[in-house]
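Right, one structure below, let's go through it.
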Amino acid sequence: MSVGIIIASHGDFALGVKQTSDMIFGEQEKVEVCILKPEDSLELFREKLDKVLTKFDSDDELLCLVDLWGGTPFNQLNQLKEEETRPIEIVSGLNIPMILRAYSDRFNPNETAASIAKSIMIEGSNGIKTSASNNEELVHKQSNLMNLPISESKMINLGIRHVRLDERLIHGQVATLWLGSLGATRVMIVDDEVVNDPIAKASLKAAVPGGIKLSILKTETAARRIKEDAYHGQKVMLIVKNIKTIFRLIESGVPINKFNLGNSSPKEGTKQVTKSVFLSEEDVHKILELEKDGVVVTAQMVPMEEEKSFSQFYGK
């Protein structure tokens with residue numbers, strides 16, 4: 001038994017960290033990289049992760065280093081942690097001092113994934129330094145772009161600040177950008193399958209930032225509770241995996257007058273409508289009908305992007 005290391009990130013960051021660490025410390029055994037590309041679906045990334053797992057022995061403990069807590073690499077590894085019986089620990093905030101300490105600690109046969117995880121958290125934090133004067137006060141301010149105006153509507157009055165199609169649900173862009181820009185107090189996941197999936201639910205609970213409440217509801221339940229004004233005075237970000245869930249909510253009488261197309265991977269019978277969204281002809285037709293009825297449909301990966309209506313960019 002030994003401690004294997006998985007380095008996972010959005011884009012090639014994890015690969016760069018491994019290459020830098022190999023230059024400094026020398027190439028190490030049982031260290032694998034798993035990268036999430038922009039075009040990857042959740043299923044494809046999980047396939048990559050499963051392939052990485054075959055590189056380790058069945059009794060190896062696993063130490064997983066990720067770039068961002070709550071991002072897709074973290075979420076998928078957290079699901080793996082729920083599924084596997086072997087010890088698996090996850091540490092976010094990936095940096096070079098952290099991984100070098102992990103390499104060093106592994107030489108001690110008494111170290112476990114859990115003990116190394118605790119050690120590298122301290123090393124990773126201590127490795128963050130600045131040349132700025134210690135006497136300067138460091139003030140953290142939200143960008144003006146993170147305080148976007150919110151138009152008044154019945155949807156807002158019911159506590160729903162933003163409705164988003166995003167099959168990754170709570171991941172890096174949502175956890176670090178959208179929730180902050182909205183000042184969200186609650187994330188509402190509406191999906192009839194996720195609500196019955198204990199592993200997915202556990203992963204979502206781990207991914208939601210501290211201080212923000214989480215609801216995971218069936219479509220019918222969400223529609224009823226929203227119409228009952230159960231979230232009045234709150235700031236809810238509502239997220240769905242499937243565009244048809246939004247259609248069903250509207251058909252159930254939920255006054256959704258605006259929603260955002262964030263992420264939906266390619267599937268059989270779909271076509272690309274934005275860089276990150278693939279929809280069927282039926283779904284596109286329904287969206288165009290909703291726009292005629294006054295519903296605003298936008299496509300924004302992050303809140304800082306320019307907001308354009310669906311009809312403005314579709315087919316351009």
Side-chain angles (χ1 to χ4, degrees), residues 3-53 55-56 62-81 88-106 113 116-117 119-131 140 143 146 166-180 203 206-207 209 262-263 265 275-276 301-305:
V3 177
I5 297 176
I6 297 176
I7 311 172
S9 71
H10 299 77
D12 292 332
F13 176 53
L15 180 60
V17 168
K18 183 179 184 303
Q19 290 173 337
T20 301
S21 302
D22 288 349
M23 287 181 64
I24 298 171
F25 206 94
E27 190 168 352
Q28 300 295 300
E29 294 182 351
K30 293 191 176 182
V31 179
E32 298 294 331
V33 170
C34 195
I35 291 171
L36 175 70
K37 295 291 188 180
E39 64 273 14
D40 287 352
S41 64
L42 293 177
E43 292 77 15
L44 179 56
F45 183 74
R46 182 52 194 261
E47 288 177 10
K48 291 181 178 180
L49 187 55
D50 288 340
K51 186 175 180 180
V52 163
L53 287 177
K55 306 291 182 65
F56 300 100
L62 295 178
L63 177 65
C64 305
L65 310 181
V66 301
D67 52 354
L68 190 65
W69 191 272
T72 297
F74 165 82
N75 291 340
Q76 292 298 302
L77 284 164
N78 196 48
Q79 286 198 26
L80 178 69
K81 179 178 170 69
I88 298 177
E89 300 299 335
I90 308 173
V91 182
S92 66
L94 174 62
N95 62 21
I96 302 299
M98 174 188 293
I99 195 166
L100 293 179
R101 180 58 183 265
Y103 285 174
S104 177
D105 284 357
R106 287 201 308 171
I116 296 175
S119 172
I120 66 175
M121 281 186 64
I122 299 171
E123 193 72 23
S125 178
N126 290 340
I128 301 173
K129 303 180 185 295
T130 178
S131 60
H140 300 278
S143 165
M146 301 294 282
D166 195 326
E167 67 178 26
R168 296 179 184 176
L169 299 176
I170 303 174
H171 59 104
Q173 291 170 346
V174 170
T176 62
L177 297 176
W178 281 105
L179 295 178
S203 180
N263 180 280
S265 63
K275 183 179 179 180
S276 60
M301 287 287 286
V302 294
M304 293 81 79
E305 285 184 347

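Note that the numbering runs from 1 along the sequence shown for the chain.
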- Counting only heavy atoms not in Ile122, do more than 12 sit closer than 6.0 Å to its CD1 atom? no

*Please confirm whether the backbone N or O of Ala206 pairs with a side-chain atom of Trp69, one donor and one acceptor, at under 3.5 Å?*
yes

Decide yes or no for Ile88 and Leu77: does some side-chain heavy atom of the first lie under 4.5 Å from some side-chain heavy atom of the second? no

### Query
Any side-chain heavy atom of Ile6 within less than 4.5 Å of one from Phe56?
yes

Check your understanding: Does Ser21 reach the side chain of Gln28, with side-chain heavy atoms less than 4.5 Å apart?
Key -> no

Taking the side chain as every heavy atom from C-beta outward, state whether Leu53 and Leu62 have any atom pair closer than 4.5 Å. yes

Note: Pro73 and Asp67 closest approach over all heavy atoms is CG-OD1, 4.5 Å

Practice item. Start with the C-alpha gap between His171 and Leu68, add the side-chain angles, then the distance that decides, and say whether side chain to side chain contact (heavy atoms under 4.5 Å, CB included) holds. Key: CA-CA 9 Å; His171 59 104; Leu68 190 65; over 6 Å; no

Applying side chain to side chain contact (heavy atoms under 4.5 Å, CB included), run through Asp50 and Glu47 and close with a yes or a no.
-> CA-CA 5 Å; Asp50 288 340; Glu47 288 177 10; 5.6 Å; no

- Near Glu29 CD, under 6.0 Å, is it more than 12 heavy atoms from other residues, nucleotides or ligands? no

The reported gap from NZ in Lys81 to OG in Ser203 (rounded to nearest 0.5 angstrom) is 12.0 Å

Check your understanding: Going through the checks in order, is the side chain to side chain contact (heavy atoms under 4.5 Å, CB included) test met by Glu123 and Asp105?
Key -> CA-CA 11 Å; Glu123 193 72 23; Asp105 284 357; over 6 Å; no

Separation between CD1 (Ile170) and CZ (Phe74), nearest 0.5 Å, reads 10.5 Å

Exercise for review: Assess whether side chain to side chain contact (heavy atoms under 4.5 Å, CB included) is satisfied between Asp12 and Lys37, documenting all intermediate values.
Suggested key: CA-CA 8 Å; Asp12 292 332; Lys37 295 291 188 180; 2.9 Å; yes

Of all heavy-atom pairs linking Ser276 and Gly262, the shortest is OG-O, 2.8 Å

Heavy-atom side-chain contact between Asn75 and Leu169 under 4.5 Å
no

Ser125 side chain vs Met121 backbone, donor-acceptor pair below 3.5 Å:
no

Heavy-atom nearest pair, His10 first then Gly71, reads CE1-CA, 3.9 Å

So CG of Leu42 and CD of Glu167: to nearest 0.5 Å the spacing works out to 5.5 Å

Of all heavy-atom pairs linking Val33 and Val52, the shortest is O-CG2, 3.7 Å

Should Tyr103 and Asp22 count as side-chain neighbours, where that means a heavy-atom distance under 4.5 Å?
yes

Side chain Asn95, main chain Met98, donor-acceptor under 3.5 Å
yes

Closest non-hydrogen atoms of Leu63 and Ala113, given as atom of the first, atom of the second and distance, are CD1-O, 3.8 Å

Flag side-chain contact, heavy atom, 4.5 Å: Arg106 against Lys30:
yes

*Close side-chain approach of Phe45 and Cys34, heavy atoms under 4.5 Å*: yes

Between Leu179 and Pro209, the two heavy atoms sitting closest are CD1-CD, 3.6 Å

Residue set satisfying side chain to side chain donor-acceptor pair (under 3.5 Å) with Lys48, at least two apart, ordered chain then number -> Asp40

Rounding to 0.5 Å, atoms OG1 (Thr72) and CG (Asn263) come to a distance of 8.0 Å

NZ of Lys18 to CG of Leu65, rounded to nearest 0.5 Å, is 12.5 Å

The reported gap from CD1 in Ile120 to OG in Ser104 (rounded to nearest 0.5 angstrom) is 12.0 Å

